[in-house]
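Heads up, the thing below is written out as structure tokens.
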Amino acid sequence: MEQALASVGTGPLLARDLLSSADLTRDDNELVFARAAHLKRELRADHRHAGQPLAGRTVALILEKQSLRTRVTFEAGLDQLGGHALHLGEGIGFGVRESVSDVARNLERWVDGIVIRTFAHSIVTELAAEAGIPVFNALTDDEHPFQALADLFTLREHFGRLQGLVMTFVGDGNNVYHSLALAGAVMGMEIRLAHPEGYGPNPAIVALAEKLAAANGGNIVVGRDPRQLAHGSDALYTDVWVSMGQEDQSRARLASFAGYSVDTSLLELAGAAAVAMHCLPAHRGQEITAEVIDGPRSLAFEQAENRLHVQKAFLVESLGR
Ligand code: CP
Ligand code: NVA
């Protein structure tokens, strides 16, 4: 780890985009985890950091969907390391008042990186292609790579390893599942998905996850029955049944996902040492019961805390000096 920590600003992540969880190798993830553990310890001990590796660095935040965790952890994280977050909100008319390309060609002249949360994944790839500064995906309809990074860091803290762990995602084959499948595969985990008919994942992402799993000793399993798939899992993960941008499908989704709740009996079926995970925000009584998410086996709020540490670590490796 000391070797990893010595590599500020010269590591393999230097000035690279993060658009998909598949963009990060095992070594990249380990580098981020090592620095995140160090930053977490330092912040908890001293409420501040000895160094300011992001001094003089400004990152623009374009958030086209609602956010609590992503916005606060990027803004507070940059602040804690001497950098600055510029929240652009809806005021820039992204892609409407001005094209994605022109926004990129302006921002690259003023700031050091762009964090973006938007709808179509193609917007993020277009922005990254046009901008001469790194672009970081803070959630699209297809992926949520910083969430997966924080979640795997949380699991590693809890179990002391990732290789060989079994995580079962219960519910929608959505953006959060996609990133967990890719990142988990890279880290040699078995990632299972139990989803209702009609709400499966993107086959191209599953195919890529299968390829990454085969290369890293992991496994990808996709099926229907939550009870069958939960059995023998180290972690049960769930997320909302209606993601941002799908509000008009709410009625059909709530009906289809009945029976896909993480409750105490499903957690018992997973195993005595199994934990429950959720990216938040949560709907208690839908995808997860209050008893589970607010209970002693829930890692949900550790995951939320770790967004801060992991993103700070990532930014130091990417933009630090
Ligand atoms: N988990 C997550 O990304 O939370 P926000 O939507 O509040 O940013
Ligand atoms: N799948 C959810 C995740 C929120 C963090 C959504 O896209 O709304």
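Heavy-atom basis, side chains included; hydrogens, waters and symmetry copies ignored. Whatever order the structure lists them in is the order used to number ligands and atoms, beginning at 1.
Counting heavy atoms under 4.0 Å from ligand 1, residue Arg71 does not touch it at all. Heavy atoms of Asn175 found under 4.0 angstrom from ligand 2 belong exclusively to the side chain.
With respect to the salt-bridge test (charged N to carboxylate O, under 4.0 angstrom), the residues Arg44 and Glu305 qualify.
Within ligand 2, counting atoms from 1 as listed, the ones closer than 4.0 Å to a heavy atom of Leu280 are 5 (C). Distances below 4.0 Å separate heavy atoms of Asn174 from the following atoms of ligand 2: 1 (N). Listed by number with element, the atoms of ligand 2 under 4.0 angstrom from any heavy atom of Met244 are 6 (C), 7 (O), 8 (O). Every atom of ligand 1 is numbered from 1 in the order shown, and the set under 4.0 Å from a heavy atom of Leu68 is 5 (P), 7 (O), 8 (O). Residue-ligand proximity, Leu280 to ligand 1, at heavy-atom distances under 4.0 Å covers atoms 1 (N), 2 (C), 4 (O). Ligand 1 places these atoms under 4.0 Å from at least one heavy atom of His144: 2 (C), 3 (O).
Of the options Val240, Leu139, Thr70, Asp141, the smallest heavy-atom separation from atom 4 (C) of ligand 2 is shown by Leu139.
Not one N or O of His144 is nearer than 3.5 Å to an N or O of ligand 2, by distance alone. Residue-to-ligand polar distances keep Lys65 apart from ligand 2: every N/O pair is separated by 3.5 Å or more. For Cys279, a nitrogen or oxygen atom sits less than 3.5 Å from a nitrogen or oxygen atom of ligand 1, counting backbone and side chain alike. In terms of polar-atom proximity, defined here as any N/O pair under 3.5 Å, Met244 makes no such contact with ligand 1.
Ranking the protein heavy atoms by distance from atom 4 (O) of ligand 1 puts Arg69 NE, 2.8 Å first. Atom 2 (C) of ligand 1 has as its closest protein heavy atom Arg307 NH1, 3.3 Å. Among all protein heavy atoms, the one lying closest to atom 6 (O) of ligand 1 is Arg117 NH1, 2.8 Å.
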*Please walk me through it: do Lys40 and Glu302 pass salt bridge (Lys or Arg N to Asp or Glu O under 4.0 Å)?*
CA-CA 12 Å; Lys40 183 172 183 175; Glu302 281 300 319; 3.4 Å; yes
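No heavy atom of Asp172 sits closer than 4.0 Å to any atom of ligand 2.
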